Amino acid sequence: MKRYIAFLLIMATMLSCKDFLEEKQVSTLTQDYYNTESGLEVMIKSLYVYARVKHEWDANGARLIETETDAYMTSSAPVARMTSAEYGTDVSRIAGNINNFLGSANSNYAPMGAYPHINNCNIALDQIDNVHPGMYGTDLAFSNERKAEVLFLRAWAYYLVSNQLGDVPLLLEPKREDNGIYYYPKTSLEDIYKKIITDVRFAYEHLPPNQSDYGRVTKWAAGHFLAKLYLNRAQAAGFQSSAEEHLRMLYKGSVSTDLDSVISVTTEVINGMGGESIGLAPDYWMLFDPEVAESTPHKEVLWSAQFDVNTSLNGRFGGNRSVNYHVGNYTDQTGVTRAMAYGRPFGTFKPTDWAYDNFRDKVNDSRYYKTFSYEYVSNMPPSTSTSYTWNTAAAAWWNVNKPDGEPTVSAGEKRILQDSRALIYIENQKEEALDSATVMSQPYQFMVRWIKSANTGKYYYRLFIDGSNMGLATTRNAPYLASKKYVDPMRGGSADEANFNSEAGTRDAILMRLAETFLIRAEAYGRKGQYGLAVDDINVLRRRAAYKAGESRPQVLAQWEPKAATLPAEERQAPYQSSANTYDKINVSMNHFTPGTPEATQEGYIPTVTTMADMFIHFIYNEKVREFLSEGIAWEDQHNTGILYDRVIYFNQMASDRSGLWPVATNTDNGNGQNGNGKGQMAKHHTFRPWPNAFLVQLTDENGNPLDETTRNAYQNPGY
């Protein structure tokens with residue numbers, strides 16, 4: 001740690017960030033090189049490598065920003081349960097993640113992480129302000145534009161690291177040599193926000209609306225970020241005197257104009273991007289479809305981390321690692337082998353049950369089926385197929401009940417035929433349980449959350465094809481309905497199926513998009529009591545989410561979704577087209593957050609949320625889950641709003657320590673299965689992370705003397 005908090009990261013090979021960072025091989029770099037205009041340009045471009053931190057190795061960034069929220073969790077049961085060995089101490093797994101996040105090095109790579117990046121930003125700013133080579137000294141507008149980029153990128157690092165830890169050291173001066181002094185007192189979150197808001201305001205005022213080098217931050221990305229910072233400060237303005245320590249720690253200052261600033265800046269961004277009709281992608285899937293998003297990314301994407309099909313340019317972790325973490329196991333006895341189109345089935349992160357249920361209208365809100373990989377097709381020939389076989393009971397049921405034209409089957413035959421449906425998912429409620437004989441007798445794996453015994457009427461939660469228990473804290477990790485937003489058919493640098501085991505993702509990773517700008521403004525309107533304007537912004541996203549007239553729904557929806565029975569008969573027949581725009585079925589009104597209304601009841605608020613003002617805030621974050629599931633903003637958003645703990649303990653069964661909040665199944669599996677109780681150890685102090693012991697033991701006082709144990713303990717966040 002002594003070597004990598006302080007040292008400058010100047011890489012012998014400057015990594016390319018796709019289109020805009022020209023690869024520059026330099027065998028020997030000296031300070032003189034960075035005193036030139038071209039050298040300073042290379043330095044600033046290299047700072048964009050840090051934009052990748054959310055989507056690198058899961059222990060470096062992805063695990064910290066994605067999971068253990070209301071809607072997303074780690075697939076590993078001990079981590080998802082937030083046990084003390086995984087989560088609760090300064091040497092636990094989460095502390096190791098934070099150690100990497102702060103900045104880490106090994107024998108093969110230079111320091112990387114928040115503080116090495118911040119120091120590099122400080123050096124670049126020093127070069128701009130005090131050396132000002134070439135155009136930096138002759139063209140003030142050019143110099144300010146580059147300075148704006150660096151200030152934005154430094155503020156981004158402070159935003160991410162303070163989200164995790166609260167008060168952190170605020171280092172603003174460059175450090176070019178290791179003097180053995182590691183005196184880094186913490187700065188209050190209030191002062192950190194004053195600084196980063198000032199810096200991002202500068203960026204907003206000096207960046208251009210468009211950049212010819214794709215991936216560089218623009219005025220509109222800076223505006224989006226600035227508005228979010230204003231909103232974060234406003235969200236916590238009332239926490240200064242809270243009786244809850246984890247809420248007091250969120251206090252960032254109280255500025256009466258913050259909500260007005262949010263509305264002003266977001267309005268400028270939305271109008272500058274062309275508003276709803278031009279600024280938003282016309283179809284939700286367009287944002288994530290690799291055939292579209294990689295060749296012609298929509299302008300709705302305000303900023304993204306750049307990766308490249310030339311995997312040698314993608315740095316220490318080999319590219320966008322998020323392409324591996326969201327894919328469940330689709331290969332277990334399915335007749336499906338790993339394929340580029342489906343992704344590598346790491347099964348690292350997964351949605352919670354509530355995440356699926358939060359899509360309140362799966363029939364008319366297209367985001368549900370455009371978010372999840374709901375169906376897989378067998379790609380294995382009969383001779384090598386891993387398909388499970390027909391048993392006697394299932395074969396008999398199928399032969400009696402099969403659709404016209406389907407072949408009869410015999411016990412012992414492989415169920416799943418090549419190029420046929422192999423695996424589908426339905427996430428239903430207990431009261432929507434499907435008949436067990438029907439579910440277990442299809443010529444494919446049918447993963448259904450709730451089934452009801454055809455013989456006994458008993459209810460079962462998540463049974464595998466052999467009748468064994470899966471999911472929650474059982475020994476079998478359920479093959480879950482997974483987000484498809486990161487599926488990358490170019491892993492390893494090409495579409496060659498020989499790359500199916502490659503972890504090297506090549507897709508750009510979305511960091512900010514205009515849809516969120518609308519919801520940021522909506523929240524600000526609602527916090528001011530201007531609910532009608534807030535509803536208008538929410539409905540901008542609902543209009544896009546609706547199925548359009550003539551748009552086809554998936555066959556799985558029409559055939560098996562419980563509420564598909566509400567569709568006209570013709571819409572349940574191939575090609576399953578919607579006869580009309582479904583916006584009138586999913587548009588939002590104030591009733592959705594008005595206590596006592598059917599719409600508010602349907603929204604399923606947690607029991608501590610009883611007023612219109614509180615319901616509105618929770619509706620915004622329900623909607624954010626529907627719009628941004630698995631995009632890496634939920635943890636930081638709910639944390640800054642002060643609602644992370646409450647939403648986790650009521651919605652995330654694996655992390656919750658509460659009893660009786662979930663329906664009970666017959667297959668309780670000695671309490672590890674669905675017995676209605678939470679399985680976890682989530683505590684309020686977990687809404688902030690621990691300072692890792694590996695960091696604390698290397699801190700010193702002003703004179704370079706190691707801190708004693710008492711001082712280190714005072715530095716640590718409460719509860720650890």
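This structure is a prediction, so every number in the text was calculated from the model and none was measured. All residue numbers in this chain count up from 1 along the given sequence.
- Taking the six-membered ring where the residue is Trp, the centroids of Y356 and F372 are separated by under 6.0 Å.
- For the residue pair Y325 and E66, no side-chain donor N or O sits within less than 3.5 Å of a side-chain acceptor on the partner.
- Aromatic ring centres of W450 and Y460: separated by at least 6.0 Å.
- Here the two rings, on Y330 and Y342, have centers that are under 6.0 Å apart.
- A donor-acceptor pair under 3.5 Å is absent between the side-chain atoms of R81 and the main chain of S76, judged by distance alone.
- Scored by the ring-ring contact (aromatic ring centres under 6.0 Å, His included) test, H639 finds W635, F688 as partners (sequence neighbours excluded).
- In this structure, a donor-acceptor pair under 3.5 Å is absent between the side chains of N672 and K679.
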Could you walk me through whether I426 and K362 pass side-chain contact (heavy atoms from CB on, under 4.5 Å), step by step? CA-CA 10 Å; I426 287 294; K362 299 179 178 71; over 6 Å; no
Given Y645 and H685, is the side-chain hydrogen bond (donor to acceptor under 3.5 Å, both in side chains) satisfied, shown in steps? CA-CA 9 Å; Y645 171 76; H685 71 268; over 6 Å; no
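- The distance between the ring centers of H618 and F593 does not fall below 6.0 angstrom.
- No donor-acceptor pair under 3.5 Å is formed between the side chain of N329 and the backbone N or O of P345.
- Summarising the geometry of R476 relative to D332, their closest heavy-atom pair is NH1-OD2, 3.3 Å, with the distance given to 0.1 Å.
- In this structure, E431 does not pair ionically with K452, as no charged nitrogen and carboxylate oxygen lie closer than 4.0 Å.
- Here the shortest heavy-atom pairing between A515 and F628 reads C-CZ, 3.8 Å.
- A salt bridge is absent between K186 and D167: the closest approach of a Lys/Arg side-chain nitrogen to an acidic carboxylate oxygen does not fall below 4.0 angstrom.
- A cation-pi contact, defined as under 6.0 Å to the ring centre and within 45° of the axis, links R626 to F619.
- The side-chain contact (heavy atoms from CB on, under 4.5 Å) with Y425 is formed by just one residue from the set F446, W560, Y376; it is Y376.
- At distances below 3.5 Å, at least one donor-acceptor pair connects side-chain atoms of S92 with backbone N or O atoms of T89.
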Dump the intermediate steps for side-chain contact (heavy atoms from CB on, under 4.5 Å) on Q681 and Y87, then the final yes or no. CA-CA 9 Å; Q681 300 176 18; Y87 207 92; over 6 Å; no
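- R360 contributes a side-chain N or O that, together with a main-chain N or O of E603, makes up a donor-acceptor pair within less than 3.5 Å.
- Checked by atom type and distance alone, the side chain of N677 pairs as donor or acceptor with a backbone atom of G660 at under 3.5 Å.
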Determine, step by step, whether E636 and Q164 satisfy the side-chain hydrogen bond (donor to acceptor under 3.5 Å, both in side chains) criterion, reporting the C-alpha distance in whole Å, the side-chain angles of both residues, the deciding distance to 0.1 Å, and the verdict. CA-CA 8 Å; E636 64 196 35; Q164 300 292 322; over 6 Å; no
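- Defined by atom type and a distance below 3.5 Å, a donor-acceptor pair is missing between the side-chain atoms of S366 and Y284.
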Dump the intermediate steps for side-chain hydrogen bond (donor to acceptor under 3.5 Å, both in side chains) on N713 and Q716, then the final yes or no. CA-CA 5 Å; N713 288 343; Q716 182 60 276; over 6 Å; no
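- A cation-pi contact links R658 to Y650, judged by a cut-off of 6.0 Å to the six-membered ring centre and 45° from its axis.
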Given the rule in the salt bridge (Lys or Arg N to Asp or Glu O under 4.0 Å) test, do K624 and D637 qualify, once you have shown the distances and angles that lead to the verdict? CA-CA 9 Å; K624 278 200 163 188; D637 276 355; 2.8 Å; yes
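- Checking side-chain atoms of N652 against main-chain N and O of A655 turns up a donor-acceptor pair under 3.5 Å.
- Using modelled atom types, no side-chain atom of N667 and backbone atom of D669 make a donor-acceptor pair closer than 3.5 Å.
- R63 and N100 share no side-chain donor-acceptor pair at under 3.5 Å.
- Of the possible polar contacts, none joining the R689 side chain to the I98 backbone as a donor-acceptor pair under 3.5 Å is found.
- Judged by distance alone, the side chains of T74 and E68 do bring a donor and an acceptor atom under 3.5 Å apart.
- Side-chain contact check for K684 versus E244: some heavy-atom pair is nearer than 4.5 Å.
- Checked for salt-bridge contact, E190 and K252 miss the test: no charged N lies under 4.0 Å from a carboxylate O.
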For Q674 and T668: C-alpha separation, side-chain torsions, deciding distance, then whether side-chain hydrogen bond (donor to acceptor under 3.5 Å, both in side chains) applies. CA-CA 5 Å; Q674 187 50 276; T668 57; over 6 Å; no
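- Side chains of N693 and Y720: no donor on one and acceptor on the other come within 3.5 Å.
- Cation-pi geometry between K484 and W285 is satisfied (NZ or CZ under 6.0 Å from the ring centre, within 45° of the ring normal).
- Ring centroid separation for the pair Y531 and Y525 does not come in under the 6.0 Å cut-off.
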